[in-house]
Amino acid sequence: MSELVEPIGTVTFSEMPNEAFMALGMRNYWDGYFAGRAAPLGLASAEVVHAVFYNFADGEVARHIPWVWGKTTPQEAIAVREHGSAAALRQMIGKLADSPGLVRAADLATRAGTSAPTEGRVLYAGLRALEVPEEPVARLWHAATLLREHRGDGHNAALVAHGIGGTEAHVLMALSLGMKAERFGRIHHLPKARLAAVVDGLRDRGLVDADGGFTDAGRETKERIEALTDELAAAPYDVLGTDELDELIARLEPIAAALQAHND
């Protein structure tokens, strides 16, 4: 489900929504990213947003929050994000946007996305408080975003339970992709000494070897985190019967394939 939902939710971070935020006076992509994604939290401080977003390096959130709220409001950012994301999704999937299959997928995904408990899931709870769009493409994007952020909140909990900090999470992700930490896009910009200190800390815990790769314990830890994340992400789908879940998968597969083809 994550592989099918993720491409739909992440159209938010594409060119069309970014342009819509730039039109509001944002200085760069990341201003729009933080304004749109943090908007369901209201006028939360940089410290709160950093805690919820978890894996950004110290100080990154504060370069954008609360500055963006001098250019827009959370309510406007929510509307701009929804409109831009729905327009981008419609453009990327072409004729599928007007198909009965998409309407059915939006209905099933919305039932799932609005059914899970909100306890301990701050960003998911913020999204649950928003009105669900009526237009099918926007509703599908909204449902995918709910499911994506529900999973993300659970992933944060899994990381915390294993004592993995935000930057450490990116190091483990890089290694799981067969990449050295200093080459990973989300952390390669960090000062070398700062990133080296994070890797050294993981090495001291026996998770990273002398060459900067996984130890067996590190790989097992990453696998446990991912397995727990999957387990914690299952609750929204409990509301669907087996046949409905199979149908949702079948309805989402061509949409995810169209998005993959567009991005290729």
Side-chain angles (χ1 to χ4, degrees), residues 2 6 9-14 17-18 21-22 24 26-72 74 77-78 80-81 85 120-127 145-146 148-177 179-202 207-208 221-222 225-226 228-229 232-233:
S2 178
E6 184 80 3
T10 55
V11 300
T12 293
F13 311 124
S14 63
N18 181 52
F21 276 109
M22 295 295 284
L24 294 179
M26 302 294 113
R27 299 165 296 185
N28 51 47
Y29 166 84
W30 289 108
D31 280 344
Y33 174 95
F34 282 104
R37 193 168 175 230
L41 304 175
L43 295 175
S45 68
E47 291 80 5
V48 171
V49 175
H50 176 77
V52 174
F53 285 18
Y54 191 75
N55 54 12
F56 283 89
D58 291 342
E60 289 187 1
V61 174
R63 287 199 286 271
H64 309 278
I65 301 288
W67 184 90
V68 296
W69 303 135
K71 294 292 183 180
T72 187
I78 288 167
V80 167
R81 187 188 194 210
S85 299
R121 298 179 187 268
V122 177
L123 194 49
Y124 174 68
L127 287 165
T145 302
L146 281 165
R148 182 177 186 269
E149 297 294 16
H150 176 275
R151 181 182 179 85
D153 284 339
H155 187 56
N156 288 351
L159 290 166
V160 171
H162 285 81
I164 302 297
T167 305
E168 291 176 326
H170 280 314
V171 172
L172 297 186
M173 175 60 75
L175 298 186
S176 71
L177 296 172
M179 185 184 304
K180 295 294 185 182
E182 59 270 18
R183 297 183 62 84
F184 191 54
R186 287 295 300 276
I187 52 178
H188 78 277
H189 65 286
L190 296 179
K192 290 183 179 180
R194 185 173 175 182
L195 184 54
V198 173
V199 175
D200 286 344
L202 291 170
L207 304 180
V208 173
T221 296
K222 175 64 173 171
I225 290 169
E226 295 305 321
L228 180 56
T229 298
L232 293 174

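Under the rule for a side-chain contact (heavy atoms from CB on, under 4.5 Å), the partners of Asp200 that lie at least two apart in sequence or sit in another chain are Arg203.
Contact annotation: the side chain of Thr72 approaches that of Met26 to within less than 4.5 Å [non-hydrogen atoms, C-beta and beyond]. No side-chain heavy atom of Leu175 sits less than 4.5 Å from a side-chain heavy atom of Leu207. Residues Thr12 and Tyr33 are not in side-chain contact: their nearest non-hydrogen atoms beyond the backbone lie 4.5 Å or more apart. A heavy-atom distance below 4.5 Å is not found between the side chains of Lys180 and Val171. Between Leu190 and Thr167, the closest side-chain pair of non-hydrogen atoms falls below 4.5 Å. Side-chain contact between Arg151 and Tyr124: absent, with no pair of heavy atoms (C-beta onward) separated by less than 4.5 Å. Counting heavy atoms from C-beta outward, Phe21 and Trp30 have side chains that stay 4.5 Å or more apart. Between Val48 and Ile65 the shortest side-chain heavy-atom distance does not fall below 4.5 Å.
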**Report entry** Residue pair Leu159, Tyr54: steps toward the side chain to side chain contact (heavy atoms under 4.5 Å, CB included) verdict
**Finding:** CA-CA 10 Å; Leu159 290 166; Tyr54 191 75; 3.7 Å; yes
**Report entry** Pair Asp31-Met22, side chain to side chain contact (heavy atoms under 4.5 Å, CB included): steps then yes or no
**Finding:** CA-CA 9 Å; Asp31 280 344; Met22 295 295 284; over 6 Å; no
Report task. Evaluate the criterion side chain to side chain contact (heavy atoms under 4.5 Å, CB included) for residue pair Met173 and Lys222; output intermediate values, then yes/no. Result -> CA-CA 8 Å; Met173 175 60 75; Lys222 175 64 173 171; 3.8 Å; yes
Report task. Please test Arg37 against Glu149 for salt bridge (charged side-chain N to carboxylate O under 4.0 Å, His left out), starting from the C-alpha separation and ending with a verdict. Result -> CA-CA 10 Å; Arg37 193 168 175 230; Glu149 297 294 16; 2.8 Å; yes
Query raised in the report: Going through the distances and angles, do Glu168 and Ile187 end up as a side chain to side chain contact (heavy atoms under 4.5 Å, CB included)?
Result: CA-CA 10 Å; Glu168 291 176 326; Ile187 52 178; over 6 Å; no
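For the pair His162 (side chain) and Thr221 (backbone), a donor-acceptor distance under 3.5 Å is absent. Under the 3.5 Å distance criterion, the side-chain polar atoms of Asn18 are left unmatched by any main-chain donor or acceptor of Ser14. The main-chain N or O of Gly185 is found under 3.5 Å from a side-chain atom of His188 such that the two form a donor-acceptor pair. Not a single donor-acceptor pair under 3.5 Å links the side chain of Arg148 to the backbone N or O of Gly9. Side-chain atoms of Asp153 do not come within 3.5 Å of backbone N or O of Gly120 as any donor-acceptor pair.
Contact record, Ala46 with Val61: O-CG1, 3.6 Å, taken as the closest heavy-atom pair. Taking both residues in full, the closest heavy atoms of Gly154 and Leu232 are given as O-CD1, 3.5 Å, listed atom of the first, atom of the second, then distance. Nearest heavy-atom pair, Ala77 versus Trp69, reported as atom, atom and distance to 0.1 Å: CB-CZ3, 4.2 Å.
Ile225 contributes atom CD1, which lies 5.0 Å from atom CD1 of Ile164 (distance to the nearest 0.5 angstrom).
Between Tyr29 and Phe34, the distance from one ring center to the other does not fall under 6.0 angstrom.
For the 3.5 Å distance criterion, the side chains of Glu60 and His189 qualify, holding a donor opposite an acceptor.
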